[in-house]
Amino acid sequence: MKNEESTQGRRQPRQERSRQTVEAVLDAVPRVLKRHGAGAVTTNRIAEVAGVSIGSLYQYFPDKQAIFNALHERHVEDVKHRMERAVAQCASSTIDEFAACLVEGLADAHLVEPELHEMISAAVPASSLGFKEALQMVFEQVIPSPEVGTSRPHAGDRMLFVLPHLVEALIHAVPQARPPFTVDRAKGEVIRTVLHYLDRR
């Protein structure tokens, strides 16, 4: 409920200056996190690093949870753009080639500021659900549908269940890779795992 209340109570920026204030606040969070750690991510410290007054911050974000929600929304938009790019670039490719293209783009997105993604995921528990739903919509565009009137289970139905869950779980695990198992090797393993599933479907 708190997530919903924080989102509903947030004032939406309408003028360019207001949008700049909102962006400054959101951009300040990863800087605070890198410099001082998760424990220092407070509204006062965020406002200080953003170069805005605490009153200005509270005009657009009633609490810290609202900031996390907005960061999550921005991340979702970035992920959706990457999915759309994969569809546009690889739509005429095989399902295997498309999956590899999609997974690589999503892994790269989650390797940017991984500590921030981890903090947002903890603060916004429903974040993985939206990711899986977006993945399902993308795979629905490239996986053949069963013929009309067919009542038997279709391979596409299984794939639309497995792939979003599989990709979501593994993509979010990539940034957690630790030496000697590097993130590049982890990304390669995710791609191989998805392709192995598609080969055995």
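Since we're looking at a predicted model, the values are computed, not measured.
Between Ala70 and Leu26 the shortest heavy-atom distance is CB-CD2, 3.8 Å. Shown here for Arg185 and Pro180, the closest heavy-atom pair between the two residues is NH1-O, 3.4 Å. Smallest separation of non-hydrogen atoms from Pro125 and Ala123: CD-O, 3.3 Å. Nearest heavy-atom pair across Pro175 and Leu111 is CA-CD2, 4.0 Å. Pairing each heavy atom of Ile120 with each of Phe68, the nearest pair is CG2-O, 4.1 Å. Of all heavy-atom pairs between Ala38 and Met119, the closest is CB-SD, 4.4 Å.
A ring-centre distance under 6.0 Å is not found for Phe131 and His72.
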Could you walk me through whether Asp96 and Asp199 pass side-chain contact (heavy atoms from CB on, under 4.5 Å), step by step? CA-CA 8 Å; Asp96 290 22; Asp199 288 341; 3.1 Å; yes

Decide yes or no on side-chain contact (heavy atoms from CB on, under 4.5 Å) for Val174 and Leu106, but give the supporting numbers first. CA-CA 10 Å; Val174 168; Leu106 292 177; over 6 Å; no

Kindly indicate, with the supporting measurements, whether the criterion side-chain hydrogen bond (donor to acceptor under 3.5 Å, both in side chains) is fulfilled by Asn69 and Gln65. CA-CA 6 Å; Asn69 291 344; Gln65 183 63 49; 3.0 Å; yes

I would like to know whether Val112 and Asp78 meet side-chain contact (heavy atoms from CB on, under 4.5 Å); could you show each step before the answer? CA-CA 11 Å; Val112 178; Asp78 177 45; over 6 Å; no

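For the residue pair Tyr60/Ser18, the side-chain donor-acceptor check at 3.5 Å is satisfied. Between the side chains of Glu48 and Asn44, no donor-acceptor pair is found at a separation under 3.5 Å. If you check the side chains of Glu168 and His172, you find a donor sitting under 3.5 Å from an acceptor.
Using a 4.5 Å heavy-atom threshold, the side chains of Leu198 and Leu163 count as touching. Using a 4.5 Å heavy-atom cutoff, the side chains of Leu135 and Met83 are in contact. Using a 4.5 Å heavy-atom threshold, the side chains of Gln20 and Glu23 count as separate. Looking only at side-chain heavy atoms (C-beta outward), Asp63 and Tyr58 stay at 4.5 Å or farther from each other. By the 4.5 Å heavy-atom criterion applied to side chains, Val124 and Leu71 are not counted as neighbours. No side-chain heavy atom of Val87 sits less than 4.5 Å from a side-chain heavy atom of Leu102.
Proximity of a side-chain donor or acceptor of Lys132 to a complementary backbone N or O of Val167 within less than 3.5 Å is not detected. Under the 3.5 Å distance criterion, the side-chain polar atoms of Thr193 are matched with a main-chain donor or acceptor of Glu189. In this structure, the side chain of Thr182 does not engage the main chain of Pro179 through any donor-acceptor pair within 3.5 Å. Within the 3.5 Å criterion, the main-chain N or O of Val32 finds no donor-acceptor partner in the side chain of Arg45. Judged by distance alone, with hydrogens and angles left aside, the side-chain atoms of Gln89 form no donor-acceptor pair with the main-chain N or O of Ala86 at under 3.5 Å. Between the Arg35 side chain and the Leu33 main chain, no donor and acceptor come within less than 3.5 Å of each other.
A distance of 9.5 Å separates CD of Glu84 from CE of Met137, quoted to the nearest 0.5 Å. From Glu104, atom CD reaches atom CZ of Arg82 across 10.5 Å, with rounding to the nearest 0.5 Å. If you take CD1 on Ile191 and SG on Cys101, they are separated by 9.5 Å, rounding to the nearest 0.5 Å. Rounded to the nearest 0.5 Å, atoms NE2 (His75) and OG (Ser121) are 7.0 Å apart. Note that the CE atom of Met159 and the OH atom of Tyr197 stand 6.0 Å from one another [nearest 0.5 Å]. Going from atom CD1 of Ile46 over to atom CZ of Arg31 covers 11.0 Å, rounded to the nearest 0.5 Å.
Residues Val41 and Ile54 are members of one and the same hydrophobic cluster, defined by side-chain heavy-atom contacts under 4.5 angstrom among Ile, Leu, Val, Met, Phe, Trp and Tyr. Grouping the Ile, Leu, Val, Met, Phe, Trp and Tyr side chains by contacts below 4.5 angstrom, directly or via other members, places Leu195 with Phe161. Follow the hydrophobic side-chain contacts under 4.5 Å out from Ile171 and you never reach Val76; the two are in separate clusters.
Electrostatic pairing of Asp27 and Arg74 counts as a salt bridge here, judged by a charged N lying under 4.0 Å from a carboxylate O. Contact check on Lys187 versus Asp108 returns a salt bridge, with a Lys/Arg side-chain nitrogen under 4.0 Å from an Asp/Glu carboxylate oxygen.
Using cut-offs of 30° and 60° on the angle between ring planes, the pair Phe139 and Phe98 is perpendicular.
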